[in-house]
Trainee: 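Structure incoming, see below.
We name chains A, B, ... by the order of the sequence lines, and we start the count at 1 in each one.
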Protein chains: 2
Amino acid sequence: MVTIYDVANACGCSSATVSKALNNYSDVNINTKERILKKAKEMGFVPNLQARALSTKRTWNIGVLFEDKSNSGLTHYYFSQVLQAVKEQAEEKGYDITFISKNLGGVEMSYLEHCNRRNIDGVVIACIDFEDQQVQQLMESNIPVVVIDYDSEHVSAIMSDNVRGVYELTHYMISLGHRDIVYAYGHEVFVTEERIRGFKKALDEAKIPFTEDMLIKSRYSEKQANIDAVTELLKRDKLPTAMLFPDDYSAIWGINALRNNGIKVPEEISVGGFDGVEIGEMIFPRLTTIRQNTSRLGKEASLKCIQMLESKSKDNTKITVGVELIPGGTCMAPRLFQSKSPRR
Amino acid sequence: MVTIYDVANACGCSSATVSKALNNYSDVNINTKERILKKAKEMGFVPNLQARALSTKRTWNIGVLFEDKSNSGLTHYYFSQVLQAVKEQAEEKGYDITFISKNLGGVEMSYLEHCNRRNIDGVVIACIDFEDQQVQQLMESNIPVVVIDYDSEHVSAIMSDNVRGVYELTHYMISLGHRDIVYAYGHEVFVTEERIRGFKKALDEAKIPFTEDMLIKSRYSEKQANIDAVTELLKRDKLPTAMLFPDDYSAIWGINALRNNGIKVPEEISVGGFDGVEIGEMIFPRLTTIRQNTSRLGKEASLKCIQMLESKSKDNTKITVGVELIPGGTCMAPRLFQSKSPRR
DNA sequence: TGTGAAGTCGAAAACGGTTTCGACTCTTAA
DNA sequence: TTAAGAGTCGAAACCGTTTTCGACTTCACA
């Protein structure tokens, strides 16, 4: 490995001058600077980031906390897209990303400790139980943190316009003529509250009275939970004409469950998802859903994180990213006569 | 940040002793050792990995090269699973992972340079153009490298039993009665050669003469390429009764293309995929495919990489991981009379 | 009583950079 | 002619660890 000293020797100057030349300091003669740069390149010099970090306290590393109980981390249809965008944007700015985990090498370790070991410059958190004590600790630390789809006074946050998303989807269903709509909602977290607000808002506007049986508790990205939700629904003696699922993945398994029970989609029940990932296009007919702008979410998260760490100031900016209704074939106007429950 | 010196001061001993106590050296008294450990914990001491790396030349970081032109990196249905396994296993052994990329921060940089900057201990490569000059350079460097689904004399390799995979799939088709089988194969890389070998082997065994029109060139994980392959196929005046696609993703879009052209799957053409990822279960009927053991592939890759870097010896072990036939509903015995080409 | 070995400990160098601050050389203006 | 200022450069300290090697005790044994 060729060091800054080797370059200095080869150039007949000091390591300080080489360092300055490489870092664009103004107090180095233009000629010597060029000589040094040329020589450095020629010798294949690559700066050692560890050494640099030791003196500058910057590792050019941003931590990523992506942990999903149900759908193991990186394979998550929706979050892997966000992560990809986080990564791309970080790299464009010269940062590498490191996954933060507890339990490294068999040693229990808090997220914060992991960050401190690696001297992470900033952290992006998504897809996790934000109420976790360790996550809270990390958010309250003095490491700059950006969260995706959460709201906290301690950190900056990027999120989709969830209220609007479910509002639009519901509004769309209503515009097709649906009035009996059931929303199978995901884990009871911040995002879910927002979405339920959007759901109620759309009902409200259409003067459809909200009743508790329009909500069914389900879970995000969990096949079985959504099959269960359908099973639960089928016990009713009056079926809704439309059903919204927590996300596209859930919707797909939900549709399968409905069909396995002899319910036609969309003829008997219209279905809507959420996320707008590609799997929604793979099934037939294409899933009606709300597309989240994953690349913007990820990009904004990276940028905000980097902006904070570079200005050495933690703030709690909130950025909302727009969503888009994707009409598919899983919805249609409700039939006047339902098979199981003829309507008046 | 509390350093080793702070602990030393608090314990009334030297930093050397603290370091030794923390690293289980034998030349430190059991009592002082315990006192130091207790104090360190109490003070919230967390070792600085940068500083440590500077003197030990070990970063506890393994690099990962996952780059896919078609299906941007992390969102790849198949490779994201492998990556997840690589990550889990690495973490279990105490290693963090870092994505290797060219072009960091707007600066062009070879993969090897990136590794050197970060002093990566070892690298796992997958899902990439292995013929790339930079990839070759990295493989030939003295950094321990493990590749997935490739074969090179310079590095260790983990791969699925690709020959057997396509062999079994083809054999299964043949056992159903198919004799006119077309294999739409992916990019012309090592893995593809293997798979085509498996294809021919199965034909051979069944005494079905291989002809060039049984192969159609397609691409891995590329929607359009596979739609094109189908379009190409439909120009023939005699259709095959079975078709294999490069992977599940391709198969799904292939099936859609077939259906959009009025061809019934599986009634008119049976279809097989490869990979065994979950999307194959989402469509109806479930896709017939070959499941690759992604978690073992990833795990073995991590382990092999770590084993090499810890023993400081690069070798070129080859490990083959078994595959499994997953019969689905996209295959059936061929009908005696094909719509487009009645068989004698 | 002297000696060698075993057990403990710490001074100091090393890892590869960055950054401060003083020194030196030239200009330029008074 | 001189003083001030601008332009260059390098010595040295520093970042937080690890590791070598020598020094000092203590103890058993001859």
Trainee: Please state how far atom CG in A:N23 lies from atom P in C:dG17, giving the value in whole angstrom units.
Mentor: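 Taking CG of A:N23 and P of C:dG17, I get 11 Å after rounding.
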Trainee: Between A:N119 and B:Q50, is any pair of side-chain heavy atoms under 4.5 Å apart?
Mentor: yes
Trainee: Take atom CE of B:M1 and atom P of D:dG16, then tell me their distance rounded to the nearest Å.
Mentor: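 Nearest whole value for this atom pair: 7 Å.
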Trainee: Give the rounded distance in Å between these two atoms: CD1 of A:I36 and P of C:dT18.
Mentor: 12 Å
Trainee: B:K20 side chain: which of C:dG10, D:dC9, D:dG16 is closest?
Mentor: C:dG10
Trainee: Should B:Y95 and B:N61 count as side-chain neighbours, where that means a heavy-atom distance under 4.5 Å?
Mentor: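 Side chain of B:Y95 against side chain of B:N61, heavy atoms only: no contact under 4.5 Å found.
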Trainee: Could you check whether B:D27 gets within reach of a base, just the sugar-phosphate, or nothing at all, counting any heavy atom under 4.0 Å?
Mentor: base
Trainee: For C:dC15 and B:S55 - does any side-chain N or O of the residue sit under 4.0 Å from the phosphate oxygens OP1/OP2?
Mentor: no
Trainee: Look at atom NZ of B:K318 and say whether more than 12 heavy atoms of other residues, nucleotides or ligands are closer to it than 6.0 Å.
Mentor: yes
Trainee: Given D:dT19, C:dT8, D:dA12, which nucleotide is nearest the side-chain atoms of B:N29?
Mentor: C:dT8
Trainee: Kindly say if A:S19 contacts the phosphate of C:dT18, meaning a side-chain N or O under 4.0 Å from OP1 or OP2.
Mentor: yes
Trainee: Are any of the side-chain nitrogens in B:E300 or B:K304 under 4.0 Å away from the carboxylate oxygens of its partner?
Mentor: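 Looking at B:E300 and B:K304, the cut-off is not met.
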Trainee: Would you mind classifying the nucleic acid contact of B:V46 as base, sugar-phosphate or nothing, using non-hydrogen atoms under 4.0 angstrom?
Mentor: sugar-phosphate
Trainee: Check the side chains of B:Q292 and B:S160 for a donor-acceptor pair under 3.5 angstrom, ignoring hydrogens and angles.
Mentor: yes
Trainee: Check the distance between D:dG16's C1' and B:Y5's OH and give it to me in whole angstrom.
Mentor: 7 Å
Trainee: Does B:N48 put a side-chain nitrogen or oxygen below 4.0 Å from OP1 or OP2 of D:dC15?
Mentor: no
Trainee: Between A:A51 and B:K33, which has a closest nucleotide on DNA chain C that is more 5'?
Mentor: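 Upstream on the strand: B:K33.
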Trainee: Just how far, in rounded Å, is P of D:dC15 from CG of A:N119?
Mentor: 14 Å
Trainee: Please state how far atom CD1 in B:I4 lies from atom P in C:dA14, giving the value in whole angstrom units.
Mentor: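 Taking atom P of C:dA14 as the reference, CD1 of B:I4 is at 19 Å.
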Trainee: Taking CG from B:L22 and P from D:dT17, how many angstroms apart are they, rounded to a whole number?
Mentor: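 Rounded to the whole Å, the gap is 9 Å.
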Trainee: Over how many whole Å does the gap from B:R52 atom CZ to C:dG16 atom C1' extend?
Mentor: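 Going from B:R52 (CZ) to C:dG16 (C1'), I get 18 Å.
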Trainee: State whether B:T56 places a side-chain N or O below 4.0 Å from either non-bridging phosphate oxygen (OP1 or OP2) of D:dT18.
Mentor: no
Trainee: Quick one: which of C:dG17, C:dA11, C:dG16 gets closest to the side chain of B:L54?
Mentor: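 For B:L54, the side-chain atoms sit closest to C:dG16.
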Trainee: Just N and O in the side chain of B:T32: are any of them under 4.0 Å from OP1 or OP2 of C:dC9?
Mentor: yes
Trainee: Phosphate oxygens OP1/OP2 of D:dG16: is one of them under 4.0 Å from a side-chain N or O of A:K57?
Mentor: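 For D:dG16, OP1/OP2 do have a side-chain N/O of A:K57 under 4.0 Å.
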Trainee: Could you tell me if the side chain of B:V86 sits less than 4.5 Å from the side chain of B:F79, heavy atoms only?
Mentor: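 A side-chain contact is absent here, since even the closest heavy-atom pair is not under 4.5 Å.
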Trainee: With respect to the phosphate group of D:dG10, does any side-chain polar atom (N or O) of A:T17 fall under 4.0 Å of OP1 or OP2?
Mentor: yes
